[in-house]
Amino acid sequence: MQIGDTIRAAFDGKVRIKNFERRGYGYYLVIRHPNGLETVYGHLSKFLVGVNDIVRAGDPIALGGNTGRSTGSHLHFDALGGVGWNQRI
């Protein structure tokens, strides 16, 4: 993945968090899916969606980047089931 590549939603859902953390994921999104799963997309360079936006699987949601604690452009992708994002931090 290169900086600026399009990042797409893995599943249908609703954007729950759009945030920046300097020492971790950099610019990141959290999407909640109807089955309770949450997907996290980190180290982004630009957001293409906002909080509470409804997205469909395959929709563009962000551009890839190298923000936060990162040594090169990549996508940090997590899929969390049963434990919400807020319970992890």
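Keep in mind the model is a prediction, meaning the values are calculated, not measured. Count residues from 1 along the sequence.
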>> Through direct or indirect side-chain contacts below 4.5 angstrom among Ile, Leu, Val, Met, Phe, Trp and Tyr, which residues connect to L44?
In response: M1, I7, V15, F20, Y27, L29, I31, Y41, F47, V49, V55, I61, L75, F77
> Below 4.5 Å, heavy atoms only, C-beta onward: do D59 and R8 meet side chain to side chain?
Replying inline: no
> Is there a donor-acceptor pair closer than 3.5 Å between any side-chain N or O of H74 and the backbone N or O of G72?
Replying inline: yes
> Is it true that a side-chain atom of H43 and a backbone atom of T67 form a donor plus acceptor pair closer than 3.5 Å?
Replying inline: yes
>> Between D78 and Y25, is there a side-chain donor-acceptor contact under 3.5 Å, judged purely by atom types and distance?
In response: yes
>> With heavy-atom distances below 4.5 Å as the criterion, would you say the side chains of R23 and R69 are in contact?
In response: no
> Once you round to the nearest 0.5 Å, how far does CG of D5 lie from OG of S45?
Replying inline: 9.0 Å
> So I17 and V51, side chain to side chain contact (heavy atoms under 4.5 Å, CB included) or not? Walk me through it.
Replying inline: CA-CA 6 Å; I17 298 172; V51 172; 5.9 Å; no
>> Testing the basics here: between K18 and G50, what is the closest heavy-atom pair and its distance to 0.1 Å?
In response: CD-CA, 4.1 Å
>> If you compare all heavy atoms of S73 against all heavy atoms of I3, which two are closest, and at what distance to 0.1 Å?
In response: CB-CG1, 3.5 Å
>> When you compare the side chain of E21 with that of Y28, does any pair of heavy atoms fall below 4.5 Å?
In response: yes
>> I'd like to know whether H33 forms a side chain to side chain contact (heavy atoms under 4.5 Å, CB included) with T39, so could you lay out the CA-CA distance, the side-chain angles of the two residues, the decisive distance to 0.1 Å, and finally the verdict.
In response: CA-CA 8 Å; H33 305 284; T39 51; 2.7 Å; yes
> If you take all heavy atoms of T6 and P60, which pair is closest and at what distance?
Replying inline: CG2-CB, 3.7 Å
> What pair of heavy atoms forms the shortest contact from R56 to A9, and how long is it?
Replying inline: O-CB, 3.6 Å
> Where is the tightest heavy-atom contact between A57 and A10, given as atom of each residue plus distance?
Replying inline: CB-O, 3.8 Å
> Distance from R32 atom CZ to L80 atom CG, nearest 0.5 Å?
Replying inline: 10.0 Å
